Amino acid sequence: MACIRTRFSPSPTGFFHLGGARTALFNWLFARHHQGVFVLRIEDTDVARSETRYEQDILDSLRWLGLDWDEGPYHQSDRLKIYHDFIGRLLDVGAAYYCDCPPERLEEKRKAALARGENPRYDGHCRDRHLGPGPNTAVRFRSPPAGTTQWNDLSKGPIAFDNQELDDLVLLRADGVPTYNFAVVVDDLSMEITHVIRGDDHIPNTPRQILLYRALGATPPKFAHIPMILGPDKAKLSKRHGALSVLAYRDMGFLPPALVNFLARLGWSHGDQEIFSTAELIEYFSLEHVSKSAGIFNADKLLWLNGHYLRESTDRDLALILKDFLPQQGVVTDDLDYLSRVVATLKPRAHTLVEMAEMARFYFHDPRPYEAKAARKFLTPASRPGLAALRDRLAALPELQEEALNQIFSEVQKQSGLKMVVLAQAVRVALTGKTASPGLFEIMDILGKEEVLRRLTAALESITD
Ligand code: GLU
């Protein structure tokens, strides 16, 4: 088979969201699976709405996700001459014509059609007027008046449109800017794209594009329209469902492989498997297993996957990433050895790096003020003798080894008459400020004897009768 070429062609008119990332991912996976080429094209002909900061956001997001492209980014705004050349070809063969209908006339017709309950469509006024180029003159496609246009969608199966539903669309606006349907055909053709994989909201555009390929004497690429992503309430995915821009997920402490795995499963499956390394995704990805119905966004699943990938990461790798999340907690450190030990205790408990950074705070800062409820419940006059005895016994140890700690805890518990859970929780609040944390002995080991004694003393001092 000839080399497979896919493309991702976003419009830089807003921040890059999950839907776009999923489209990019499917194109990337398909290209990588077939050792093909993945092209990046920025569709920026809408000058008023396109912004460089949005383009930057797209590029940063793709890089962060690890979706590398082999060609591009091409920009439609650099390709105006090519579109004009193709317009010339269509005019030459009579497949396009000039149209000088004023916008007011078109608007009037549109309103009248809507009032009759009909779909607005161009009435063909200029079709046979044989106009030439001129000011306020657009170029329209001479769409075939009858017949059907069909294709075998690689995801949805056969789809057919009655050509009567397709009016003579504008290819080139009077200001010389190409419209989406035309530019995309010229680009996909000249970039030799073999497979167009995009959201199923583009299905109504596809018959128009196929007709344009035919008019240009070209074979259309294969099309695969992938289902939308919906919220749990089956409404179009939005912020309301917790769906944010890709980089917002980075900033919330998600790892790229977790988001990639999550996106891959939104509308694609491989048996019952939920967790896929990127290598597995490349190996297994096929368009036949793209589902026909919408993918449902499930924020809990994303958290679960992220927890998995946090646990899969090495302590050192995670320490390096976590470092950048610590300043939000007022912690600045370059001590990766210490941070790696901290990470090892938090990995099993955290779902995101933001959560992990919050949990890590007490390793670097005095835990006071304690959580009010925790202090009220466990730092009480009743626990004072136990805590004091524990502090004194620990002070006498050369270092805080697990075996010795075990013995001291059980002896102090017996002598003080406190329940073990109460003693342990009092120590936990003293060391961490909270009632939930990694294991006490792990914490003590990392904080070190001196700091543990200091925190126990501070907790004892905080207890008032
Ligand atoms: N620029 C279009 C979009 O962002 C791409 C459509 C296509 O893939 O053909 O929706």
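Order of listing sets the numbers, starting from 1, for every ligand and every atom in it. Just so it is clear, the structure is predicted and the values come from calculations on it, not from any experiment.
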My understanding is that we take every heavy atom of each candidate and find the minimum distance to atom 10 (O) of ligand 1. Doing that for Gln209, Arg198, His202, which one comes out nearest?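 Ranked by closest heavy atom to atom 10 (O) of ligand 1, first place is His202.
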Parallel under 30°, tilted from 30 to 60°, perpendicular over 60°: which one fits the rings of Phe30 and His195?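 The arrangement is tilted - the two ring planes meet at 30° to 60°.
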Considering non-hydrogen atoms of the protein only, which is the closest contact for [atom], and what is the distance?
atom: atom 8 (O) of ligand 1; result: Arg7 NH1, 2.6 Å
atom: atom 9 (O) of ligand 1; result: Tyr180 OH, 2.6 Å
atom: atom 5 (C) of ligand 1; result: Ser9 O, 3.2 Å
atom: atom 1 (N) of ligand 1; result: Glu43 OE1, 2.6 Å

Looking only at heavy atoms, which two atoms of Asn163 and Pro144 are closest? And how far apart?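 The answer is CB-O, 3.5 Å.
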What atoms of ligand 1 come within less than 4.0 Å of a heavy atom belonging to Ser11?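 Counting from 1, the qualifying ligand atoms are 1 (N), 2 (C), 3 (C), 4 (O).
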If you count the atoms of ligand 1 from 1 in the order shown, which ones are under 4.0 Å from a heavy atom of Val184?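 Under 4.0 Å from Val184, ligand 1 has these atoms: 9 (O).
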Using a 4.0 Å heavy-atom cut-off, say whether Arg41 meets ligand 1 through its side chain, its backbone, both or neither.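 The answer is neither.
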Quick one: is the NZ or CZ of Arg140 closer than 6.0 Å to the six-membered ring centre of Tyr98, and within 45° of its axis?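 Negative - Arg140 is either too far from the ring of Tyr98 or too far off its axis.
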Pi-cation contact, Phe26 with Arg22 (under 6.0 Å, within 45°):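 Geometry flag: set, cation within 6.0 Å and 45°.
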Side-chain (Arg63) to main-chain (Gly66) donor-acceptor, under 3.5 angstrom: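 Looks like no, no N/O pair under 3.5 Å.
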Testing Arg5, Arg7, Lys222 for salt bridge (Lys or Arg N to Asp or Glu O under 4.0 Å) with Asp188, which one passes?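 Result for salt bridge (Lys or Arg N to Asp or Glu O under 4.0 Å) with Asp188: Arg7.
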